[in-house]
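Just below is one structure, and these are the notes that go with it.
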Amino acid sequence: MSLNVEQVTTAVTRLRHMYPDAHCELNYETPIQLLAATILSAQCTDERVNQVTPTLFARFPDAPALAAADRAELEEIIRPTGFFRQKAKFIQESAQTIVHEYGGEVPQRMEELLKLNGVARKTANVVLGEIYGRAEGITVDTHVKRIAYRLGWTTTNDDPVKVEQELMALIPQESWIEISHLLIFHGRALCKARRPDCPACPLRDICPEGQRVIG
DNA sequence: ATCCCGAGGG
DNA sequence: CCCTCTGGAT
């Protein structure tokens with residue numbers, strides 16, 4: 001067993017102890033609502049997503065409503081999350097496809113989810129893991145990508161698909177859903193993009209980046 | 001490689 | 001001012 005595989009086991013144990021409640025923090029009631037919230041979460045804190053989704057879901061509660069929504073009204077509601085024109089387009093077109101092609105139900109297969117405009121592997125992995133408990137891959141967002149690279153678990157920091165493949169080869173499948181939540185919580189708390197708090201980090205002894213930082 | 005895009009922190 | 005936040009399409 002390679003060094004990194006042992007490090008992953010060690011890291012998961014420590015992170016689990018540090019963030020026993022790590023989970024998806026997006027608020028939603030239904031699969032289509034999670035899909036919409038996840039699209040909104042691109043380059044945006046989930047805290048801000050949760051500020052707009054109550055209004056969004058009150059006004060457009062399901063796929064038919066989102067599909068038929070007035071685009072300008074939809075854009076206005078989600079504006080604070082940034083990229084609001086693209087996100088409104090993605091949410092509405094996905095809702096229309098789901099209504100017309102999938103009987104109003106969010107598809108349960110990766111292949112079908114990836115056909116939705118605005119949905120790539122990150123969003124598909126969130127939906128599959130959160131709604132159906134299915135781990136076909138690993139959710140690689142900005143936190144997961146950054147921390148995996150710092151830990152030396154991946155060789156690239158700019159190709160999320162390659163990062164996901166390398167992590168899938170390194171991490172046992174039963175941890176695929178959990179690892180993303182743990183790394184996201186860790187990214188927000190300590191292993192931040194700007195000024196990571198390495199002195200407080202429980203992974204410092206197994207982190208090349210942490211040992212380079214002074215403090 | 002570039003564009004979409006707002007809000008908060010340093 | 002610059003950087004970052006559960007990205008994706010062109």
Side-chain angles (χ1 to χ4, degrees), chain A residues 15 19 21-28 31 33-53 55-56 71-97 110-131 134-151 153-154 156-165 167-168 171 175-197 209:
Chain A
L15 290 172
Y19 312 104
D21 192 40
H23 65 287
C24 175
E25 295 198 314
L26 296 171
N27 294 331
Y28 65 95
Q33 291 184 356
L34 174 64
L35 177 64
T38 307
I39 289 172
L40 292 177
S41 71
Q43 300 294 292
C44 178
T45 61
D46 51 351
E47 180 181 359
R48 186 159 301 283
V49 172
N50 288 335
Q51 288 174 0
V52 308
T53 46
T55 304
L56 177 64
R71 179 70 65 85
E73 184 181 358
L74 180 55
E75 289 179 354
E76 203 55 35
I77 293 170
I78 69 173
R79 174 187 282 268
T81 67
F83 296 165
F84 62 92
R85 292 188 188 89
Q86 276 203 41
K87 289 176 179 176
K89 181 172 183 289
F90 290 160
I91 289 171
Q92 184 157 52
E93 289 178 351
S94 292
Q96 290 168 349
T97 300
M110 173 71 76
E111 180 185 355
E112 294 169 335
L113 285 168
L114 294 180
K115 289 180 184 173
L116 301 173
N117 192 25
V119 177
R121 292 194 59 90
K122 182 265 174 181
T123 300
N125 277 322
V126 169
V127 171
L128 288 172
E130 186 72 9
I131 298 294
R134 298 234 319 275
E136 294 195 21
I138 295 176
T139 299
V140 176
D141 72 322
T142 182
H143 292 297
V144 174
K145 186 162 58 101
R146 179 181 68 251
I147 298 175
Y149 185 69
R150 284 178 176 168
L151 284 166
W153 294 357
T154 65
T156 53
N157 193 25
D158 52 44
D159 183 352
V161 174
K162 186 172 183 183
V163 170
E164 183 183 359
Q165 290 173 344
L167 290 179
M168 287 168 72
I171 297 171
S175 297
W176 282 6
I177 294 176
E178 181 185 21
I179 190 67
S180 296
H181 293 144
L182 291 173
L183 293 181
I184 288 165
F185 269 61
H186 192 52
R188 290 201 289 243
L190 292 183
C191 197
K192 295 176 284 189
R194 192 82 71 100
R195 291 168 54 211
D197 190 0
E209 186 67 24

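Throughout, protein chains are lettered first and strands after them, A, B, ... in sequence-line order, and every chain is numbered starting at 1. Predicted, not measured: the structure shown is a model, and the values here were computed from it.
Listed pair A:H181 / C:dT6 fails the phosphate criterion, with no side-chain N or O lying under 4.0 Å from OP1 or OP2. Distances shorter than 4.0 Å separate some side-chain N or O of A:N117 from OP1 or OP2 on C:dA9. Contact annotation: A:T142 side-chain N/O to C:dT6 OP1/OP2 distance is not under 4.0 Å. In this model, the phosphate group of C:dC5 is approached by a side-chain N or O of A:R146 to a distance below 4.0 Å at OP1 or OP2.
Salt-bridge formation is detected for the pair A:E25/A:R188: a Lys NZ or Arg NE/NH1/NH2 atom is positioned less than 4.0 Å from an Asp or Glu carboxylate oxygen. With respect to the salt-bridge test (charged N to carboxylate O, under 4.0 angstrom), the residues A:E112 and A:K115 do not qualify.
A:L190 has its CG atom 17 Å from the P atom of C:dT4, to the nearest Å. Following rounding to the nearest Å, A:F90 (CZ) and C:dG7 (C1') show an atom-to-atom distance of 9 Å. Remark: P of C:dC5 and CG of A:L26 are 15 Å apart, rounded to the nearest angstrom. If you take CG of A:L114 and C1' of C:dG7, they are 13 Å apart, rounded to a whole angstrom. Across the protein-nucleic acid pair, A:I184 atom CD1 and C:dG7 atom C1' stand 13 Å apart, rounded to whole Å. Spacing between atom CZ of A:F185 and atom C1' of C:dC5 amounts to 15 Å, rounded to whole angstrom units. Rounded to a whole Å, the CG atom of A:L40 is 19 Å from the P atom of B:dC4. In this structure, the CD1 atom of A:I91 is 14 Å from the P atom of C:dG7, given to the nearest Å.
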Hey, what are the protein-to-nucleotides 5-8 of chain B N/O distances that come in under 3.5 Å?
unit_1 : atom_1 : unit_2 : atom_2 : d
B:dC5  : OP1    : A:R85  : N      : 2.9
B:dC5  : OP1    : A:Q86  : N      : 2.9
B:dC5  : OP2    : A:R85  : NH1    : 2.8
B:dC5  : O4'    : A:F83  : N      : 3.2
B:dA7  : O3'    : A:R48  : NH2    : 3.0

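Considering only heavy atoms from C-beta on, A:T139 stays 4.5 Å or farther from A:V144 through its side chain. Using a 4.5 Å cut-off on side-chain heavy atoms (C-beta onward), A:E209 and A:P196 make no contact.
Within the 4.0 angstrom heavy-atom criterion, no nucleotide atom of any strand lies near A:S180. Residue A:E25 is classed as a base contact, given a heavy-atom separation below 4.0 Å to a base. Nucleic acid contact for A:V144: none, since no nucleic acid atom lies under 4.0 Å from a heavy atom of the residue.
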Exercise for the section: For the pair A:L74 and A:L56, evaluate side chain to side chain contact (heavy atoms under 4.5 Å, CB included) and give the outcome as yes or no after the intermediate values. Expected result: CA-CA 8 Å; A:L74 180 55; A:L56 177 64; 3.4 Å; yes

Practice task
Would you check, one step at a time, whether the test side-chain hydrogen bond (donor to acceptor under 3.5 Å, both in side chains) holds for A:S41 with A:K122?
Solution key: CA-CA 11 Å; A:S41 71; A:K122 182 265 174 181; 3.2 Å; yes

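For A:K87 (side chain) and A:A42 (main-chain N/O), a donor-acceptor pair under 3.5 Å exists by modelled atom type. Looking at A:T154, its side chain does come within 3.5 Å of a backbone N or O of A:T156 through a donor-acceptor pair.
Between B:dC4 and C:dT6, the two P atoms lie 23 Å apart (nearest whole Å). One P atom belongs to C:dG8, the other to B:dA7, and the distance between them is 22 Å to the nearest Å.
Each of A:L116 and A:D46 has a nearest nucleotide on DNA chain C; the 5'-most of these lies closest to A:D46.
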